Participant: 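Attaching a single structure in structure tokens format; questions to follow.
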Amino acid sequence: MKLIDIYNLLVDFYGEQNWWPIIEGRECVYKKEFMERERTDEEIFEIMIGAILTQNTSWTNVIVAIINLKENNIFSPYKISEIENSKLSQLIKSAGYFNQKAKKLKILCSFLLNNKISELKKLSVYDLRQKFLSLWGIGYETADSIVLYGFNKPVFVVDAYTKRIFSRLGFFPENSEYETIRDLFEKNLPQSSNLYKEYHALIVEFGKNLCKKRPLCNNCSFNENCAYLHKNAQSFAQFIQQS
DNA sequence: CGCCAGGGCCTCA
DNA sequence: TGAGGCCATGGC
């Protein structure tokens, strides 16, 4: 099985994901048009905020935090730069790690005051990535989520699900490095930002409800091609033989 | 109660 | 460069 085959199976199974979602009022919306048009500067800003807030945190907890920021009318780089740290952390409390994340948002926003989104759009993928990676609190996954979903540049986002799923499927060892894995995906897939967007979203969906830490292999379509399942089947067979 | 969530930073060897 | 600790809420 190749990476594109797995992608096609996931699309058949889960359908289009239309990431990255935007909060409208109190609703979190996923729209097909996100795949067809450029994001507005406001949307890009929201994607940056969301990408930081969702670090090791469930998205439902992030939605509340974003709504709080918007309803308190501080959802802009300038306002967030001005607000007291303690107030900011209280507004984003639901997203967890609120002291760290408040600091991260501050640093991002002060960066944005000196770097207009319209100017950032002109940078190469590499330079754009480096800009975000140089900020405290933004690592590979957060930077690449921003570059891919916000700026619509073809960078493959690797997360814990990607490592878990594809190491189980036998593509690489579980402890492989971020850049190694990203390189593997980018070299074995067409260079398409829309493909990367959908693929990452599908990986998250698959990792959440089937290929979990304790995987539900009985309901999984990849059974025959999964090294993880083969290994378990082997050790199970050995266990039976020995006992 | 324990486990996990759309990670990243710091420290110490 | 690898392993381990730390950050913290909310859903199940």
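Convention: sequence-line order gives letters A, B, ...; per-chain numbering from 1. Note that the structure is a prediction, hence the values are computed from the model and not measured.
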Participant: Please measure how far the P atom in C:dG5 lies from the corresponding atom in B:dC3, and state the result in whole Å.
Facilitator: 15 Å
Participant: In whole Å, what is the span from the CG atom of A:N56 to the C1' atom of C:dG5?
Facilitator: 13 Å
Participant: Stacking check: are the rings of A:Y140 and B:dG7 less than 5.5 Å apart at their centres and under 30 degrees in tilt?
Facilitator: no
Participant: Rounding to a whole Å, what distance do you find between A:E141:CD and B:dG6:P?
Facilitator: 10 Å
Participant: What is the separation between atom CD1 on A:I47 and atom P on B:dG6, rounded to the nearest whole Å?
Facilitator: 17 Å
Participant: Taking the P atom of each, how far is B:dG8 from C:dG10, in whole Å?
Facilitator: 22 Å
Participant: Give a yes/no answer on whether the side chain of A:T57 brings an N or O atom under 4.0 Å of OP1 or OP2 in B:dG7.
Facilitator: no
Participant: Indicate whether A:W59 forms a stack on B:dG6; treat it as stacked only if centroid distance is below 5.5 angstrom and interplanar angle below 30 degrees.
Facilitator: yes
Participant: If the P atom of C:dG4 is compared with that of B:dG6, how far apart are they to the nearest Å?
Facilitator: 24 Å
Participant: Is it true that A:E119 and A:K116 make a salt bridge, defined as a side-chain N closer than 4.0 Å to a carboxylate O?
Facilitator: no
Participant: Using a heavy-atom cut-off of under 4.0 Å over every strand shown, decide if A:Y30 touches base, sugar-phosphate, or nothing.
Facilitator: base
Participant: Kindly say if A:K208 contacts the phosphate of B:dG6, meaning a side-chain N or O under 4.0 Å from OP1 or OP2.
Facilitator: yes
Participant: Distance check needed: C:dG11 P versus A:K93 NZ, whole Å only.
Facilitator: 12 Å
Participant: Write down the distance between NZ (A:K101) and C1' (C:dC7), rounded to a whole number of angstrom.
Facilitator: 9 Å
Participant: Think A:R39 forms a cation-pi with A:F151, using NZ or CZ under 6.0 Å from the six-ring centre and within 45 degrees of its axis?
Facilitator: no
Participant: Mapping A:T54 and A:L135 onto DNA chain B by nearest heavy atom, which one lands closer to the 5' end?
Facilitator: A:T54
Participant: Under 4.0 Å: is that the gap between some side-chain N or O of A:R164 and OP1 or OP2 of B:dA5?
Facilitator: yes
Participant: Can you tell which of A:E36, A:E43, A:E24 makes a salt bridge (charged side-chain N to carboxylate O under 4.0 Å, His left out) with A:K31?
Facilitator: A:E24
Participant: Using a heavy-atom cut-off of 4.0 Å across all strands, would you classify A:K213 as base, sugar-phosphate, or nothing?
Facilitator: sugar-phosphate
Participant: C:dA8 phosphate, OP1 or OP2: any side-chain N/O from A:N99 under 4.0 angstrom?
Facilitator: yes
Participant: If the threshold is 4.0 Å, N to carboxylate O, is there a salt bridge linking A:E174 and A:K163?
Facilitator: no
Participant: Using a 4.0 Å heavy-atom cut-off, does A:W19 contact any base of the nucleic acid, only the sugar-phosphate backbone, or nothing at all?
Facilitator: base
Participant: Taking any strand in view, what nucleotide pairs with B:dC3 in a Watson-Crick or G-U wobble way, both distances under 3.5 Å?
Facilitator: C:dG11
Participant: Quick one: are the ring centres of A:F156 and A:Y199 less than 6.0 Å apart?
Facilitator: yes
Participant: Determine which nucleotide pairs with B:dT11, using a 3.5 Å limit on both distances of a Watson-Crick or G-U wobble pair.
Facilitator: C:dA3
Participant: Categorize A:I138 for me: base, sugar-phosphate, or nothing, with a 4.0 angstrom heavy-atom threshold over every strand shown.
Facilitator: sugar-phosphate
